[in-house]
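Read the numbers this way: they start at 1 and go in the same order the structure lists the ligands and their atoms. Sequence positions, counted from 1, serve as the residue numbers for this chain.
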Amino acid sequence: MSLFTSLVCALSFFSLSLFQLTSAFPVVNHPGTKNDLIITHNNTINATTPAGLAFAPDSQPASYLKLALVNYLNSNNVKAYVTGLNANNQLVFLGQNGQFYYPSTTSGTPVPLSDADISIPLGPKGSTTSATIPGYLSASRVWFSDGSLKFYVVGTPHGPGLVEPAAVNPNDPNAATNYGFAELTWIQAGGLFADISFVDFVGLPLGIKMTTTDGTPTQQALGLPGNAVQSVCNELKSQSQRDGQPWGDTCVYTPSGSLIRVLAPNAYLSQKNTAFSGYFDAYVKQVFQHYSTTPLTINTQAAAGNVQCTANANSMTITCNGDNRSYGAPSAADIFGCNSGPFAIQGGDNAVHYAVVPRLCAAFNRGTFLLNGGNTQPSLPPSSYYQSSPANFYSKAVHKFEWNGLGYAFSYDDVSPTEQQNVAGVVASGNPGTLTLLVGGYDQA
Ligand SMILES: *[C@@H]1O[C@H](CO)[C@@H](O)[C@H](O)[C@H]1NC(C)=O
Ligand SMILES: *[C@@H]1O[C@H](CO)[C@@H](O)[C@H](O)[C@H]1NC(C)=O
Ligand SMILES: CC(=O)N[C@H]1CO[C@H](CO)[C@@H](O)[C@@H]1O
């Protein structure tokens, strides 16, 4: 069940119209300077406590988290960057000395951070670098790059804000760098939740593995193989030939013409907001028509249990019992992003609404509404996902190449009928042992 839906899945989203390009597609990135940074809600983490405020470092070993960083990439220049907010909500990096480093500024314009303060160099291919996070850390990412990644800080009303690499910005200073990240939440109340996320893009392939100290089995999602960017791009180009949609245009190239990333469709839409226009319209209409005469059951997998919904094909709305707002027809951008149009969460939305949004959006991405058994969501197994068109074929391609099909490829990919069938690849424990992160592709070991 979607235990994690509200915990970790929504960490990386894109604005749907940050800016528009006029250049020809496919995307060719040209790395810029700090003047080319686009600072949004989506590529920043802001402290709520200033860096300077005294904070007694956690002296309790129970709050320490052991990391093993395994380099499978054929490069001597791989670096890790651990970012997040400490237990006092201060912005931190893990420094090479094993202590938290506190970036600080009051400048309104972004200030670059020194790589020596924030990077952890990995050894050559085949090596494992050990590190320890010296205390709880939330909203954290562990970034890996082939070469250095540039991070900036900017003053915000409550403390320093971190400006992270933004794959959606073709002129981001990191635009030509090969990188990826894992997401991590490590808090006293809930323990460790970590995942590899391809919700925004596929770049440097990463995998994840967690041992525990309470005798429960090791959990893992080994992620993507070394050639994943090329494989996913090829798959999407074939899909474009089949349906004429711009799937293949989401492949991103460096100025020298080498393929560096594949953007998720919602990330691509933030550059070209006319893409995929109308793509789901006929299907959405069929779904609303079908469920105007057949009951639709949403299994909230929470206190509300099974909720009965019904569609009105004239007003194009879906209404669910106990849900205080109905759902209109989603556009392609709404479906790929799951956070706009009928899927935007508003203040005052109740628990039923919170549960219905992810389940409806997942069913549109996976194209499961009109399959046998599609009248209960979620209920169908992963083998039913992406079997009809339209669907999120980026997510299909990512799962095709992932080890055991595990790892987020859209933001509500943790919606599943049972925990055994959950494809999100989250590792979670109240008693984590070592968290291992694999860089460069599981097949390169
Ligand atoms: C962080 O602060 C910056 C500058 O005030 C702002 O533009 C950005 O949206 C904030 N980010 C978040 C996640 O709140
Ligand atoms: C939804 O219900 C909550 C209480 O359950 C209420 O505060 C809110 O105003 C309602 N919103 C709408 C749009 O009816
Ligand atoms: C999900 C999310 O937070 N999306 C945001 C991305 O950034 C833009 C601009 O700040 C917001 O409008 C979106 O809501």
Enquirer: Out of N46, N43, V163, whose heavy atom is nearest to atom 14 (O) of ligand 1?
Expert: N46
Enquirer: Under 3.5 Å, which donor-acceptor pairs do the side chains of residues 424-442 form with other protein atoms, sequence neighbours left out?
Expert:
{"unit_1": "S429", "atom_1": "OG", "unit_2": "N431", "atom_2": "N", "d": "2.8"}
{"unit_1": "S429", "atom_1": "OG", "unit_2": "N431", "atom_2": "O", "d": "3.4"}
{"unit_1": "N431", "atom_1": "ND2", "unit_2": "D214", "atom_2": "OD2", "d": "3.2"}

Enquirer: Of the listed options (T156, I45, T48), which comes nearest to atom 4 (C) of ligand 1 when hydrogens are ignored and any heavy atom counts?
Expert: T156
Enquirer: Report yes if the distance between the aromatic ring centroids of Y136 and Y64 is under 6.0 Å, otherwise no.
Expert: no
Enquirer: Should T44 be counted as touching ligand 1, given the test is an N or O pair under 3.5 Å?
Expert: yes
Enquirer: Taking D115 first and then K79, would you say they form a salt bridge - that is, a charged N and a carboxylate O separated by under 4.0 Å?
Expert: yes
Enquirer: In chain order, what residues pass the side chain to side chain contact (heavy atoms under 4.5 Å, CB included) check against P173, with sequence neighbours excluded?
Expert: L37, K150, Y152
